[in-house]
K.L.:
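Shown below is the structure under consideration.
Since the structure is predicted, the reported quantities are computational estimates derived from the model, not experimental observations.
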Amino acid sequence: MDMTAQKQQHTALLVMDFQRKMMERLADPTALLDNVARSIAGARKAGIPVIYVGLMFRPGYPEVNQKNIAMGYVKKTGLFIEGDEGTAIHPAVAPLPGETIIAKKRYSAFAGSDLDTILKAQQVERLVLAGYSTSGVVLSTLREAGDKDYQLTVLSDGCGDTDAEVHQLLMTKVFVRQAEVTTIDEWLKTL
C-alpha cells in the first residue's frame, strides 16, 4: 500500500453544521455549499468516510445549562431540536444512507457527542474539516481535535463565517499552528 492510500485509510472528512437553519444565516450560501459538495464527492470517490456533525438538542433542551450564554440563546429561539426540518443537513450536501450523523451539544464537534468513539472505532487519525462557522464549530473542533492528537487539514474554501475578516484571520494566523490549511482543489489532488 502506498503512502497516499495509507493516509486516506485513516482519514475522515467532517462536514460540520451545514444545517438548513445555519445556512439561512448567510446571504447566499450557494458557493460554500457547492465547494463542500465537491469535497464530499471527492472523499466518497477516494473511499474516505464522510461524517456529518450538527447541533441538535432534545425537546425542552435538557442539555443546556442556563449559565451558557450561546446555548441559552439557542434555547430561547426554539431551534435545533432533533428531527426538526431546520436541523436537517442542507440538501446540497446531504448524507447518503449509512453515512454517520453526529449530534453535538456545543460548538465543538466533540462536545456532548460520540464523535471520538466513532473515529477511534474506524481507526481515523487525520481529520479534514469543512464547516460553518469558521469562528464557531471549525475553531472549537480544531482546538479539541489537536488536543486529542488528531492530524488536521482545514479546507479553507469549505468553511464559512458571517465575518470574512475573522475567517481570514483564523485561516492565516491561527489554524496554521495546528493544521494544514488548503483549498478543496489542492486537497482533492492528493486523493
Side-chain angles (χ1 to χ4, degrees), residues 4 7-8 10-46 48-55 69-71 73-74 89-90 92-95 102 104-111 113 115-116 119 124-191:
T4 301
K7 187 176 174 181
Q8 287 169 248
H10 299 284
T11 300
L13 172 63
L14 296 187
V15 178
M16 304 179 294
D17 286 0
F18 285 98
Q19 296 164 276
R20 290 175 186 254
K21 270 298 182 195
M22 293 283 192
M23 294 297 94
E24 289 177 8
R25 296 177 65 195
L26 295 171
D28 183 6
T30 307
L32 179 59
L33 290 167
D34 288 348
N35 287 347
V36 174
R38 275 193 1 265
S39 70
I40 292 167
R44 288 174 179 155
K45 184 176 178 183
I48 293 172
V50 180
I51 299 174
Y52 292 82
V53 178
L55 189 62
I69 294 170
M71 295 307 126
Y73 173 77
V74 171
I89 306 299
H90 194 283
V93 295
I102 302 289
K104 68 182 178 89
K105 308 303 179 195
R106 298 292 185 270
Y107 283 108
S108 171
F110 292 96
S113 79
L115 176 60
D116 198 46
L119 295 173
V124 170
E125 298 170 0
R126 173 173 289 280
L127 301 176
V128 179
L129 307 180
Y132 177 80
S133 77
T134 310
S135 61
V137 68
V138 182
L139 173 62
S140 295
T141 302
L142 178 132
R143 290 295 199 196
E144 191 163 349
D147 286 345
K148 293 179 181 296
D149 299 323
Y150 287 98
Q151 297 170 339
L152 299 163
T153 299
V154 177
L155 302 177
S156 59
D157 52 347
C159 299
D161 203 280
T162 54
D163 188 326
E165 188 177 339
V166 168
H167 171 85
Q168 190 62 27
L169 174 81
L170 288 169
M171 291 294 169
T172 59
K173 303 281 186 184
V174 178
F175 292 174
V176 293
R177 295 177 186 166
Q178 286 185 283
E180 173 191 7
V181 177
T182 190
T183 65
I184 292 166
D185 288 338
E186 289 301 313
W187 178 64
L188 292 174
K189 288 178 190 174
T190 70
L191 304 183

K.L.:
Minimum heavy-atom separation for Ser135 to Val166, with atom names?
P.N.:
CB-CG1, 3.8 Å

K.L.:
Can you find a heavy atom in the side chain of Leu170 that is under 4.5 Å from one in the side chain of Val138?
P.N.:
no

K.L.:
Taking all non-hydrogen atoms of both residues into account, name the closest pair between Leu32 and Gly158 and its distance.
P.N.:
CD1-C, 3.7 Å

K.L.:
So, taking the atom named CZ in Phe110 and the one named CD in Glu144, what distance separates them when rounded to the nearest 0.5 Å?
P.N.:
6.0 Å

K.L.:
What's the shortest heavy-atom distance between Trp187 and Ala43, and which atoms?
P.N.:
CH2-CB, 4.0 Å

K.L.:
Compare all side-chain heavy atoms of Leu191 with those of Lys45 and state whether any distance is below 4.5 angstrom.
P.N.:
no

K.L.:
Given side chain to side chain contact (heavy atoms under 4.5 Å, CB included), test His167 with Cys159 step by step and report yes or no.
P.N.:
CA-CA 8 Å; His167 171 85; Cys159 299; 3.9 Å; yes

K.L.:
Would you say the side chain of Leu127 lies within less than 4.5 Å of the side chain of Gln151, judging by non-hydrogen atoms?
P.N.:
no

K.L.:
Please say which of Thr11, Leu115, Leu119 ends up in a side-chain contact (heavy atoms from CB on, under 4.5 Å) with Val124.
P.N.:
Leu119

K.L.:
Is the shortest side-chain heavy-atom distance between Val154 and Glu180 below 4.5 Å?
P.N.:
no

K.L.:
For residues Met16 and Tyr132, determine if any side-chain heavy atom of one lies less than 4.5 Å from a side-chain heavy atom of the other.
P.N.:
no

K.L.:
Do Asp116 and Tyr150 meet the criterion of a side-chain donor-acceptor pair at a distance under 3.5 Å?
P.N.:
yes

K.L.:
Which pair of heavy atoms, one from Ala145 and one from Leu152, lies closest together, and at what distance?
P.N.:
CB-CD2, 3.6 Å

K.L.:
For the pair Met71 and Arg106, evaluate side chain to side chain contact (heavy atoms under 4.5 Å, CB included) and give the outcome as yes or no after the intermediate values.
P.N.:
CA-CA 7 Å; Met71 295 307 126; Arg106 298 292 185 270; 3.6 Å; yes

K.L.:
For the residue pair Arg25 / Thr162, report whether a side-chain donor-acceptor contact shorter than 3.5 Å exists.
P.N.:
no

K.L.:
Are any of the side-chain heavy atoms of Tyr107 and Asp17 separated by less than 4.5 Å?
P.N.:
no

K.L.:
Show your working on side chain to side chain contact (heavy atoms under 4.5 Å, CB included) between Leu155 and Thr183 and close with a plain yes or no.
P.N.:
CA-CA 5 Å; Leu155 302 177; Thr183 65; over 6 Å; no

K.L.:
Can you list, pair by pair, the side-chain donor-acceptor contacts under 3.5 Å of residues 33-42, counting residues two or more places apart and other chains?
P.N.:
unit_1: Asn35; atom_1: OD1; unit_2: Arg38; atom_2: NH1; d: 2.9
unit_1: Asn35; atom_1: ND2; unit_2: Asp157; atom_2: O; d: 2.9
unit_1: Arg38; atom_1: NH2; unit_2: Asp185; atom_2: OD1; d: 2.7
unit_1: Ser39; atom_1: OG; unit_2: Val36; atom_2: O; d: 2.7

K.L.:
Any chance NZ of Lys21 has more than 12 other-residue heavy atoms, nucleotides or ligands included, within less than 6.0 Å?
P.N.:
no

K.L.:
Any chance you could measure His90, atom NE2, to Met22, atom CE, to the nearest 0.5 Å?
P.N.:
13.5 Å

K.L.:
What's the verdict on side chain to side chain contact (heavy atoms under 4.5 Å, CB included) for Thr182 and Thr153, showing C-alpha distance, side-chain angles and the deciding distance?
P.N.:
CA-CA 7 Å; Thr182 190; Thr153 299; 3.8 Å; yes

K.L.:
Kindly compute the distance separating CG (Leu26) from OG (Ser133), expressed to the nearest 0.5 Å.
P.N.:
9.0 Å

K.L.:
With a 4.5 Å cut-off on side-chain heavy atoms, are Ile51 and Leu13 touching?
P.N.:
no

K.L.:
What are the two closest heavy atoms between Pro95 and Tyr52, and how far apart are they?
P.N.:
CB-CE1, 3.3 Å

K.L.:
Any chance you could measure Thr190, atom OG1, to Glu186, atom CD, to the nearest 0.5 Å?
P.N.:
9.0 Å

K.L.:
Ignoring hydrogens, what is the shortest heavy-atom contact between Ile48 and Ala12? Give both atom names and the distance.
P.N.:
CG2-CA, 3.9 Å

K.L.:
Below 4.5 Å, heavy atoms only, C-beta onward: do Thr134 and Phe175 meet side chain to side chain?
P.N.:
yes

